[in-house]
Visitor: 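I have a structure here, written as structure tokens, and I will follow up with some questions on it.
Proteins get letters first, then strands, A, B, ... in listed order; numbering begins at 1 in each. These figures come from a predicted structure and were not determined experimentally.
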There are 2 protein chains.
Amino acid sequence: MADTDTLELLLRKLERHTPLPEADRRAVLALPAHGRSVPPATYLVREGEPPTSCVVLLSGFAFRHKIVESGARQIVSLHLPGDALDFQSLYLRYADHNAQTLTRADLAVVPIAAMRELVTTRPLVARAVLMDLLIEASILREWIVNIGRRNARARLAHLLCEFACRMDIIGLSEPDGYALPMTQEQIGDALGLTSVHVNRSIKALSQEGLITRKGRLIGFPHIKELREVGDFSELYLHLDEAIG
Amino acid sequence: MADTDTLELLLRKLERHTPLPEADRRAVLALPAHGRSVPPATYLVREGEPPTSCVVLLSGFAFRHKIVESGARQIVSLHLPGDALDFQSLYLRYADHNAQTLTRADLAVVPIAAMRELVTTRPLVARAVLMDLLIEASILREWIVNIGRRNARARLAHLLCEFACRMDIIGLSEPDGYALPMTQEQIGDALGLTSVHVNRSIKALSQEGLITRKGRLIGFPHIKELREVGDFSELYLHLDEAIG
DNA sequence: CGCCTCTTTGAGAAGCTTCAATGTGAGTGG
DNA sequence: CCACTCACATTGAAGCTTCTCAAAGAGGCG
């Protein structure tokens, strides 16, 4: 994996909402990143530790999570290729959560100092980072709503719809669905449910004909109905919001 | 309420983690804000509408929430005096949630354009805003964990501890506790519970001697035990993190 | 004093969890 | 190439937390 073109993906993400001037684009691409390939379940951030670098997911999937006193785990966010995992740690002294890969992944690792410098000297890049954070916060809010006020069936449908949308944005969705890179236990940890109940909820959706399954490949024959079941509206993803 | 000194509180918040140079401080205080006093339950932001201004809470309490299809409400965050409610809307075209006052409140209303200008031209202010957003995101993550993986008793204890900490930071906590500015229904909406079950959980904590109550005044005779019950650690609030 | 909102309590039902066991498929070494 | 293994998925039964519905008590404000 070449070190330079790895950052193309980061640039694409930052420019999702407004293009950057040429000088800023060059500055982003000139970040001193190095590539790294890691296996599934690799820790990228550990709760309580000082952050050392900004990680950008080039391929593969990742998630953030926290462990409660009882030992239970709650997944608090999912990350797709192109996501920058650690704007979080740009200005905070200690990580407040863990981050781990879900699958094998290729990473671009940028030293924090370089990222700070970039953000400090280039207001438009700072703005793009800020927008990214605002959208991430919006997704966190929707997850609170999902877990707090929807039943298992709706939660699951909502998660599937969100993932479909996000895969679509980055061009990773197949015409008929996608491969969800999570075990049922991980899905449960993301939804505040047990894996057993996730299994039953999947079965229910499947029997209703709302989803189809071949291994981890999930199809959506009636996406409209599924969105209704999940009370899903993609407004919170702020997909097409170029700013004035 | 004088228009100029209203912004002192915002400045104090921005400077919580690192002091700003004199020029930046003056720029913040020179924001074209106007004061406004509103009654409880006043809407400050409505989901789906374009944001019009940045609101800073000078006194009183507020919350953000979303309504699901069934009509249930989920509160996704609480806000105390000094909180800026609308960095969220700085760069997003549509609000993805509602914001409403909990109590009577005094607000400083800053036009979005002025706030954008400030953030664009002053990197250190931008950094302070970014830090504020990072901490808010951290709180959102902890709420997901709280709702997803703790039982009613622990959730309630956690909320009470968080509120205690945050009141403390801004100097609003009495030696023996505080007045929680929420009805039991609102507490339920914040915790993903029903008001009935909140009532029973409060009663339980009270009978165990972990909290005392006089109306809405809540006391904490055994704060250490309460923190254990709520699995509470204030790390996620990033209280004392000056940055290098 | 009376009204209105908020709190409190009870009883039954529902949803989700827990525990435990069995089924399944992909990868591995003999 | 097959048996073995290991992680993951699936199923059943029982129990517990939380919800729902409903009604009665309490407190503050005009």
Visitor: Sequence neighbours excluded, which residues qualify as side-chain hydrogen bond (donor to acceptor under 3.5 Å, both in side chains) partners of B:R155?
Guide: none

Visitor: For the helix from C:dC1-D:dG30 to C:dG30-D:dC1, what angle separates the axis at the start from the axis at the finish, each from five pairs, in steps of 10°?
Guide: 40°

Visitor: Taking atom CD of A:E47 and atom CD1 of A:I67, what is their separation to the nearest 0.5 Å?
Guide: 8.5 Å

Visitor: Step by step, work out the salt bridge (charged side-chain N to carboxylate O under 4.0 Å, His left out) result for B:R150 and B:E142.
Guide: CA-CA 11 Å; B:R150 294 194 188 107; B:E142 184 66 27; 3.1 Å; yes

Visitor: For residues A:I187 and A:L180, determine if any side-chain heavy atom of one lies less than 4.5 Å from a side-chain heavy atom of the other.
Guide: yes

Visitor: Counting only heavy atoms not in B:Q100, do more than 12 sit closer than 6.0 Å to its CD atom?
Guide: yes

Visitor: Quick check: do B:L107 and B:V56 have side-chain heavy atoms less than 4.5 Å from each other?
Guide: no

Visitor: Send over the distance from B:Q184 CD to D:dC19 C1', rounded to a whole Å.
Guide: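 Checked: the CD to C1' distance equals 16 Å.
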
Visitor: Could you go through A:R16 and A:I170, starting from their C-alpha distance and side-chain angles, then the distance that decides it, and tell me whether this counts as side-chain contact (heavy atoms from CB on, under 4.5 Å)?
Guide: CA-CA 10 Å; A:R16 184 181 298 163; A:I170 57 177; 4.2 Å; yes

Visitor: With sequence neighbours left out, what residues match B:Y236 under side-chain hydrogen bond (donor to acceptor under 3.5 Å, both in side chains)?
Guide: B:E162

Visitor: Could you check how far CG of B:D189 sits from P of C:dC6, rounded to whole Å?
Guide: 12 Å

Visitor: Grab the N/O contacts between the protein and nucleotides 13-21 of chain C below 3.5 Å, and write none if there aren't any.
Guide:
unit_1, atom_1, unit_2, atom_2, d
C:dC16, OP1, A:A152, N, 3.0
C:dC16, OP2, A:H197, NE2, 3.1
C:dC16, O5', A:H197, NE2, 3.4
C:dT17, OP1, A:T194, N, 3.3
C:dT17, OP2, A:T194, N, 3.1
C:dT17, OP2, A:T194, OG1, 3.0

Visitor: Rounded to the nearest 0.5 Å, what separation is found between the CD1 atom of A:I139 and the CG atom of A:L78?
Guide: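 Answer for the CD1-CG pair, A:I139 versus A:L78, is 9.5 Å.
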
Visitor: OG1 of B:T42 to CZ of B:R36: how many Å apart, nearest 0.5 Å?
Guide: 7.0 Å

Visitor: Scan nucleotides 23-26 of chain C against the protein and return all N/O pairs shorter than 3.5 Å with their distances rounded to 0.1 Å.
Guide:
none

Visitor: Would you tell me if any nitrogen or oxygen in the side chain of B:K203 comes within less than 4.0 Å of OP1 or OP2 on C:dT9?
Guide: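 The answer is yes; a side-chain N or O of B:K203 sits under 4.0 Å from OP1 or OP2.
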
Visitor: Measure the distance from CG on A:N199 to P on D:dG12 and round it to the nearest whole Å.
Guide: 11 Å

Visitor: Which residues in residues 205-219 of chain A have at least one heavy atom lying under 4.0 Å from any atom of DNA chain C?
Guide: none

Visitor: From the options B:H158, B:E234, B:H222, select the one residue that forms a side-chain hydrogen bond (donor to acceptor under 3.5 Å, both in side chains) with B:R227.
Guide: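 Answer to the side-chain hydrogen bond (donor to acceptor under 3.5 Å, both in side chains) test with B:R227 among B:H158, B:E234, B:H222: B:E234.
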
Visitor: Between A:R64 and A:H97, is there a side-chain donor-acceptor contact under 3.5 Å, judged purely by atom types and distance?
Guide: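 There is such a pair between these side chains.
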
Visitor: Does B:M167 offer a backbone N or O that forms a donor-acceptor pair with the side chain of B:S173 under 3.5 Å?
Guide: no

